[in-house]
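A short write-up of the structure that comes next.
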Amino acid sequence: MTDGAFDPAHTFVHLGLGAAATPLPDFAWSPEYLDAYAARFAADGDEGRLVCVSPQASTWDTWERHPAGDEVVVLLSGRIDVIQESEGRQRVVELRAGEAMVNPRNVWHTTRVHEPGQALFITPGAGTEHRPLA
């Protein structure tokens with residue numbers, strides 16, 4: 001448990017059933033940590049959400065999609081394009097600092113970074129898939 005203020009770029013938060021908010025001060029993007037995270041919050045199912053602030057330093061080299069639900073993206077600083085791919089067509093959403101968007105459930109998406117910055121993500125993590133850029 002984290003008491004008091006924390007930096008959301010270093011302490012992520014899991015939102016779960018019953019309006020629970022669990023700070024995750026040691027979050028890591030390693031396969032081992034992600035497996036343990038999924039097991040710890042499995043009871044939340046598709047309703048669980050991961051809240052994090054992540055640097056958007058460079059254009060992504062993968063696509064991702066979230067079968068468990070919609071993802072909210074709030075660009076805090078910088079300038080990026082979010083490219084969504086659905087039914088073989090691509091759509092570009094331009095984001096500037098202070099703007100937000102939603103990646104719908106099951107829609108593949110990636111980013112193109114024009115000006116590095118940070119983004120806040122509220123992500124339904126269960127079942128998230130990745131694939132390389134083609």
Side-chain angles (χ1 to χ4, degrees):
M1 177 61 89
T2 300
D3 293 330
F6 59 88
D7 179 350
H10 295 97
T11 298
F12 294 177
V13 176
H14 175 82
L15 302 179
L17 296 178
T22 305
L24 305 166
D26 299 319
F27 194 93
W29 291 109
S30 71
E32 298 80 17
Y33 186 93
L34 293 173
D35 288 346
Y37 169 78
R40 178 179 176 190
F41 296 106
D44 292 334
D46 288 354
E47 299 306 313
R49 298 289 182 270
L50 180 65
V51 179
C52 64
V53 171
S54 292
Q56 300 302 295
S58 61
T59 296
W60 294 7
D61 59 3
T62 61
W63 292 90
E64 70 175 17
R65 70 176 171 182
H66 310 289
D70 299 342
E71 174 184 56
V72 176
V73 179
V74 181
L75 191 64
L76 302 174
S77 60
R79 186 171 66 88
I80 66 172
D81 293 339
V82 177
I83 300 109
Q84 299 174 328
E85 183 182 85
S86 180
E87 299 178 7
R89 303 182 76 195
Q90 290 187 359
R91 179 182 147 210
V92 176
V93 179
E94 298 177 5
L95 286 181
R96 297 183 185 279
E99 295 181 329
M101 58 154 315
V102 173
N103 283 313
R105 175 189 309 256
N106 274 324
V107 170
W108 287 103
H109 54 277
T110 190
T111 66
R112 180 182 313 123
V113 174
H114 297 286
E115 295 173 16
Q118 290 191 313
L120 169 74
F121 295 90
I122 305 170
T123 304
T128 294
E129 299 173 301
H130 295 91
R131 72 171 205 230
L133 289 177

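These numbers come from the heavy atoms of this one structure, side chains and all, not from hydrogens, waters or symmetry mates. Given the structure is predicted, the values throughout are model-derived calculations rather than measurements.
When all heavy atoms are compared, the tightest approach of V13 to A21 is CG1-CB, 4.0 Å. Considering every non-hydrogen atom in both P23 and T11, the closest pair reads CB-CG2, 3.9 Å. Closest approach of T111 and T59 over heavy atoms only: O-CG2, 3.1 Å. A pairwise comparison of heavy atoms in R105 and D70 identifies N-OD1, 2.8 Å as the closest pair.
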>> What verdict does the side chain to side chain contact (heavy atoms under 4.5 Å, CB included) test give for L50 and F27, after you've listed the backbone C-alpha separation in whole Å, the side-chain angles of each residue and the deciding distance to 0.1 Å?
In response: CA-CA 11 Å; L50 180 65; F27 194 93; 3.7 Å; yes

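The same ILVMFWY cluster, assembled from side-chain heavy atoms under 4.5 Å apart, contains both V53 and V74. Under the 4.5 Å side-chain heavy-atom criterion for ILVMFWY residues, no single connected hydrophobic cluster contains both L76 and V113. By the criterion of side-chain heavy atoms lying less than 4.5 angstrom apart, applied directly or through intervening Ile, Leu, Val, Met, Phe, Trp or Tyr residues, L75 is grouped together with F121 in one hydrophobic cluster.
Between R40 and L24 there is a side-chain heavy-atom pair separated by less than 4.5 Å. Side-chain contact check for I80 versus H114: every heavy-atom pair is 4.5 Å or farther apart. Side-chain contact between V51 and F12: absent, with no pair of heavy atoms (C-beta onward) separated by less than 4.5 Å. Put simply, the side chain of I83 does not reach to within 4.5 Å of the side chain of H109, judged on heavy atoms. Side-chain contact between Q84 and P104 is present, with heavy atoms from C-beta onward closer than 4.5 Å. In this structure the side chain of V93 never reaches within 4.5 angstrom of the side chain of D81, judged on heavy atoms.
Annotation: the span from Q56 atom CD to L95 atom CG amounts to 10.0 Å, rounded to 0.5 Å. Note that OG of S58 is 13.5 Å distant from CZ of R112, once rounded to the nearest 0.5 Å.
Enclosure of atom CD in E94 is not indicated, since only 12 or fewer non-hydrogen atoms of other residues, nucleotides or ligands lie within 6.0 angstrom.
Pairs engaging residues 41-65 under the ring-ring contact (aromatic ring centres under 6.0 Å, His included) rule: H14-F41, Y37-F41 [sequence neighbours left out].
Counting only distance, with no hydrogens or angles, the side chain of D44 and the backbone of L17 share a donor-acceptor pair below 3.5 Å.
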Pairs under 3.5 angstrom only: tabulate donor-acceptor contacts from the side chains of residues 122-134 to other protein residues two or more places apart or in another chain.
{"from": "T123", "atom 1": "OG1", "to": "E71", "atom 2": "OE2", "distance (Å)": "2.7"}
{"from": "T128", "atom 1": "OG1", "to": "H66", "atom 2": "ND1", "distance (Å)": "2.9"}
{"from": "T128", "atom 1": "OG1", "to": "G125", "atom 2": "O", "distance (Å)": "2.9"}
{"from": "E129", "atom 1": "OE1", "to": "R65", "atom 2": "NE", "distance (Å)": "2.6"}
{"from": "E129", "atom 1": "OE1", "to": "R65", "atom 2": "NH2", "distance (Å)": "3.1"}
{"from": "H130", "atom 1": "NE2", "to": "E64", "atom 2": "OE1", "distance (Å)": "3.1"}
{"from": "R131", "atom 1": "NH1", "to": "E85", "atom 2": "OE1", "distance (Å)": "3.2"}
{"from": "R131", "atom 1": "NH2", "to": "E85", "atom 2": "OE1", "distance (Å)": "2.5"}
{"from": "R131", "atom 1": "NH2", "to": "E85", "atom 2": "OE2", "distance (Å)": "3.4"}

